[in-house]
Number of protein chains: 2
Amino acid sequence: MSAGRITIRDVATAAGVSRQTVSNALIHPERLKGPTLERVQAVIQELGYRPSSAAQSLRSQRTGAVGFELLAYGESNRNEVAYPFTVALGEMAIGHGCHLVTFSSAGAQSLTEGYADMVRAQVVDAFVIADTHPGDPRPDWLHQAGVPYAAFGRVWGRPDITSWADVDGAAGLADVTEHLLAAGYERIGYLGWPRGSSVGDDRRSGWEHTLLAYGRAPGPEAACEQDLRAATTAAYGLLDEVGRGGAIACASDLLAVGVERAARDRGWRPGTDIGITGVDDSGMAGMFDLTTLAQPLTAIADYLLGLVHKRLEGGPAPESGALFRPTLVPRASSRPGH
Amino acid sequence: MSAGRITIRDVATAAGVSRQTVSNALIHPERLKGPTLERVQAVIQELGYRPSSAAQSLRSQRTGAVGFELLAYGESNRNEVAYPFTVALGEMAIGHGCHLVTFSSAGAQSLTEGYADMVRAQVVDAFVIADTHPGDPRPDWLHQAGVPYAAFGRVWGRPDITSWADVDGAAGLADVTEHLLAAGYERIGYLGWPRGSSVGDDRRSGWEHTLLAYGRAPGPEAACEQDLRAATTAAYGLLDEVGRGGAIACASDLLAVGVERAARDRGWRPGTDIGITGVDDSGMAGMFDLTTLAQPLTAIADYLLGLVHKRLEGGPAPESGALFRPTLVPRASSRPGH
DNA sequence: TGTGGCAATCTGATCGTTCAAATGGAGCCC
DNA sequence: GGGCTCCATTTGAACGATCAGATTGCCACA
C-alpha cells in the first residue's frame with residue numbers, strides 16, 4: 001500500500017494480523033495456528049516481503065556480516081588463490097545466512113585499523129582472515145578485542161589459538177609423489193623454495209616421506225625463489241639429475257612452468273619424457289596442461305564460516321586447527337602414455 | 001559506562017550535553033559553539049565512539065553498502081583482472097564512505113535473484129556490476145527495478161544506459177603499436193581473437209589504425225581462441241611473416257605467452273629478435289617479462305562508485321559512458337637494445 | 001522592565017524489527 | 001457458573017541514530 005518499501009506493517013495489515021504474528025510466521029512458525037500461518041505466508045509471498053536487515057541488526061545487535069580483508073598482492077600466484085577463495089566465501093556465506101563485507105587496509109595507518117573501524121561501526125560481527133604469517137598482528141588484536149574470527153592459514157606461534165584451517169601440503173605432495181610413482185616415472189626430484197618457509201617445508205616433507213616410505217632414496221632436489229627465470233635455471237640442473245623418464249614435483253605451479261620451459265628447451269615432451277607437477281591449480285596450470293593440486297577452498301570457506309558462526313553463538317573454540325587435503329588434478333604433464 | 005557498546009547516549013552523558021548535540025558534532029560541527037564542540041569531540045575521541053551503522057541505516061533508509069557480484073570464472077585471464085578490480089573497489093569504497101558487499105549468484109535460480117534479494121533485504125543501496133555482455137539480463141533488471149548501479153564494461157545494445165566505464169582497448173593498442181614503432185621493430189603483426197568479440201575487435205582496431213596513420217600497411221595478423229596451445233600454433237605462422245626484427249602485438253597476455261613460447265622454440269630472444277606485447281598486466285606478464293597494458297582499475301572503480309553515489313543523491317545519469325586509457329608497461333619483451 | 005530576535009541546544013517522534021509481557025477466548029472441572 | 005489452565009495472538013518497549021520543531025538563554029532596543 002505505502003509508496004516505499006514493504007514493511008512488516010504492510011503485511012500485517014494485508015493479512016489482518018499484528019506485526020508480531022508476521023514476525024513469528026518467519027521465525028517461529030510453530031507458534032501460529034495452521035490457517036493463520038498459511039494466510040500470512042501467502043501475503044508475504046504475494047507482496048514479496050523481506051525483513052529489513054538494517055532493522056534486524058539494530059534490534060539484535062548483530063549485523064549478520066563477516067568481514068574479509070582483500071590483500072593487494074600484485075604477485076600473481078597469490079591472486080590465483082585469493083580470488084577463488086573470496087568467491088568461495090561468498091558462495092558459502094549464503095548457507096550460513098550471512099553476507100561478506102570485503103575491505104582493503106591499503107592506506108590505513110596500522111594493519112588492524114580497518115578491522116577496528118568495522119567493529120566499532122558495527123558493520124560486521126566477525127572476520128575471516130587469510131594469509132596469516134609469523135608475526136601477523138591481526139590474530140593477536142582480534143583475540144584481545146574479543147572479536148570472533150577464523151583464519152585461512154595456520155596461526156603461527158600461538159598454539160592456544162585454534163580457529164584456523166589450512167591446506168595439508170604434506171598430504172598433497174604425498175599424493176602427488178605416489179601418483180608419479182604409480183605412473184612409472186623413474187627418479188622423482190623436487191623443486192621447492194629455500195628452506196625456512198613453513199608452507200614450503202611442509203610441502204617438501206610430503207615428497208620426502210613418501211619416497212622413504214616406498215624405499216626410495218629422496219631423489220635430487222633444488223630450491224629457488226618464486227620466480228620464473230630462477231625456476232627455469234634451477235630446472236636445467238634437476239633435469240640432468242633425474243634424467244629422461246624421471247619426474248619433478250614442484251612446490252608451485254609457477255615453478256612447474258619453469259620446469260616445463262626448461263624441458264621444452266631440451267626437446268623433452270612434458271608427460272612423455274619428463275613428469276611435471278605443480279601446486280594450486282592456478283590458471284597457469286590449466287593453460288600449460290600441468291598436473292597440480294587443487295586447494296579445497298570451498299570446504300575451507302565453509303568450515304571457517306561455521307567456526308565464526310559457532311563463536312558468535314557463544315560456542316567454544318575448536319580443540320585444534322583443521323587441515324584439509326588438496327585433491328590431485330591429473331593432466332598431461334604426468335601422463336607417460338601420451 | 002554501560003557494559004556493551006558505546007552509544008551516543010554514553011557520549012552525551014559524559015559530555016553533559018544531549019544526544020542531538022553529539023550527533024551534530026559529527027555531522028554539522030558548525031552548529032556548535034567552539035567550546036562545546038571541543039568538549040564533545042574530546043569525549044568522542046576518548047571513548048572511541050563510532051555511530052552504529054545499523055541504526056544509521058534504519059533511520060536513513062540507506063545502508064551505505066554497494067553490492068558486487070563475484071563471478072566464478074575458473075578462467076585464469078578473468079581472475080587476473082577480477083581480483084585486482086575487487087581490491088580496487090574495496091580501496092576506493094573508503095573514500096566514498098561506503099562498504100563493499102561481495103556475493104555470489106552460484107546456485108541461484110536466476111541471474112538476478114541474488115540482486116533482488118539484497119535489495120529487498122536492504123543489505124545494499126546499489127550495485128557495481130562487471131563483465132557485462134550482450135544479452136546480459138542484469139542491466140535491464142536493475143534499470144527496471146530502479147536500483148542504482150554502474151557497470152564495468154559497456155552495456156551492450158542499450159545506448160540509453162550510460163552508467164558504465166570501460167577500458168579503451170583501441171587507445172591502448174594504439175599506444176602499444178606506437179611504442180613498438182618507436183622501438184624500431186620492422187613489421188608489426190597482430191595476434192587476436194576471432195572477429196565478432198567486441199572487446200577483441202576494439203583492441204585490433206587500435207593496432208590497425210595506428211599502422212595506417214603511420215603510413216604502414218597493416219602487417220600480418222592471425223586469430224585464435226584464448227588458449228595457449230592455439231596461440232603457440234598461430235604464432236609460428238605469424239613469426240614467419242613478420243620475420244626476425246619484427247614484433248607481434250597480442251590481444252591478451254596469454255596469447256603473448258604463446259608467442260613467446262613459439263619464439264623460444266625457434267631460438268629467437270624476446271625483445272631482441274622479436275617484439276612481443278600483451279594486454280592486462282596479469283601476473284603472467286610479469287613472470288614472463290612481457291610488455292603489456294595495465295588496466296586503470298583504480299580509476300574505474302573510483303568513477304563507478306562516484307556514479308552510484310550521484311545516482312543515490314538523485315543526480316542525473318551521465319551523458320555517456322566513460323572510457324579509460326590503459327597505461328603501457330614496458331618490459332624486456334619489447335626492448336630491442338637488450 | 002518588557003519584548004523581539006537570534007543563536008545554541010534540547011525534546012519528541014520515527015525508521016522496522018523482535019522480545020517480553022499482556023490480552024482474549026476456548027475448554028474443562030468441581 | 002465461577003475459576004482455572006492453556007493457547008493463539010496482540011500490545012508496549014527497546015535497539016541507536018537523526019530530523020523537525022520546541023525551548024532556553026542572551027543581547028539589543030524601546
Side-chain angles (χ1 to χ4, degrees), chain A residues 1-41 43-44 47-65 97 119-123 125, chain B residues 1-41 43-44 47-65 97 118-125:
Chain A
M1 280 301 137
S2 72
R5 20 173 310 113
I6 293 143
T7 76
I8 204 169
R9 296 193 107 92
D10 300 323
V11 178
T13 309
V17 294
S18 70
R19 309 177 319 257
Q20 186 60 33
T21 303
V22 178
S23 178
N24 284 337
L26 291 168
I27 312 175
H28 306 288
E30 76 281 1
R31 290 189 190 167
L32 301 200
K33 221 160 57 179
T36 317
L37 178 59
E38 282 171 33
R39 186 157 39 100
V40 173
Q41 283 176 334
V43 175
I44 287 173
L47 298 183
Y49 167 70
R50 283 284 309 263
S52 152
S53 66
Q56 288 181 316
S57 301
L58 179 58
R59 178 74 243 244
S60 66
Q61 304 288 67
R62 285 282 169 77
T63 66
V119 170
R120 288 195 302 191
Q122 248 186 338
V123 174
D125 301 322
Chain B
M1 282 296 142
S2 71
R5 22 172 307 116
I6 292 141
T7 75
I8 202 169
R9 296 192 107 92
D10 299 324
V11 179
T13 309
V17 295
S18 70
R19 309 177 320 255
Q20 185 60 35
T21 302
V22 178
S23 178
N24 284 336
L26 291 169
I27 313 176
H28 305 288
E30 76 282 2
R31 291 190 188 165
L32 302 199
K33 220 159 62 178
T36 317
L37 179 59
E38 281 171 32
R39 184 157 40 96
V40 174
Q41 282 177 334
V43 175
I44 287 173
L47 297 183
Y49 166 70
R50 281 285 306 263
S52 151
S53 66
Q56 288 180 316
S57 301
L58 180 58
R59 176 74 242 239
S60 66
Q61 303 288 66
R62 286 282 169 77
T63 65
M118 306 201 85
V119 170
R120 288 195 301 190
Q122 250 186 336
V123 174
V124 301
D125 300 324

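These numbers were taken from a predicted model, which means no experiment stands behind them. Here is how names work: the chains are called A, B, and so on, in the same order as the sequence lines, proteins then strands, and each is numbered from 1.
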Once you round it to whole Å, what is the distance between P of D:dA17 and CG of A:Leu58?
-> 9 Å
Ordered by number, residues from residues 13-26 of chain A within less than 4.0 Å of DNA chain D (heavy atoms) are A:Val17, A:Ser18, A:Arg19, A:Gln20, A:Thr21
Contact summary for A:Tyr49 and A:Leu26, nearest pair of heavy atoms | CE2-CD1, 3.7 Å
On DNA chain C, more 5' by nearest nucleotide between B:Ser60 and B:Lys33 is B:Lys33
Tell me: NE2 of A:His28 to P of D:dT9, nearest whole Å?
-> 14 Å
Base, sugar-phosphate, or nothing: which does B:Thr36 touch, judged by heavy atoms less than 4.0 Å apart?
-> sugar-phosphate
Donor-acceptor contact below 3.5 Å, side chain B:Thr63 vs main chain B:Val123 | yes
Name the first nucleotide and the last nucleotide along DNA chain C (5' to 3') that come under 4.0 Å of a heavy atom in chain B.
-> C:dA8 to C:dG16
Locate the shortest heavy-atom distance separating B:Leu58 from A:Ala55; write the atom from each residue and the value.
-> CD1-CB, 3.7 Å
Return the value, rounded to whole Å, for the distance between atom CD1 of B:Ile44 and atom P of D:dA17.
-> 10 Å
Residue pair A:Val22 / A:Arg19, side-chain heavy-atom distance below 4.5 Å | no
Can you tell me how far CD of A:Glu30 sits from CG of A:Leu37, rounded to the nearest 0.5 angstrom?
-> 9.5 Å
Within-4.5 Å side-chain heavy-atom neighbours: B:Gln122 and A:Arg50 = no
Return the minimal non-hydrogen interatomic distance between B:Ser57 and A:Ala54, and the atom names on each side.
-> CB-CB, 3.6 Å
Which part of the nucleic acid, if any, lies within reach of A:Gln61 when heavy atoms closer than 4.0 Å are counted: base, sugar-phosphate only, or nothing?
-> sugar-phosphate
Between A:Gln56 and A:Pro51, what is the shortest heavy-atom contact and its length?
-> NE2-CB, 3.5 Å
How long is the line joining CZ of A:Arg59 and C1' of D:dG12, in whole Å?
-> 11 Å
Distance test, side-chain N/O of B:Gln56 to OP1/OP2 of D:dT18, below 4.0 Å | yes
What are the two closest non-hydrogen atoms of A:Arg5 and B:Val119, and how far apart are they?
-> NH1-O, 4.0 Å
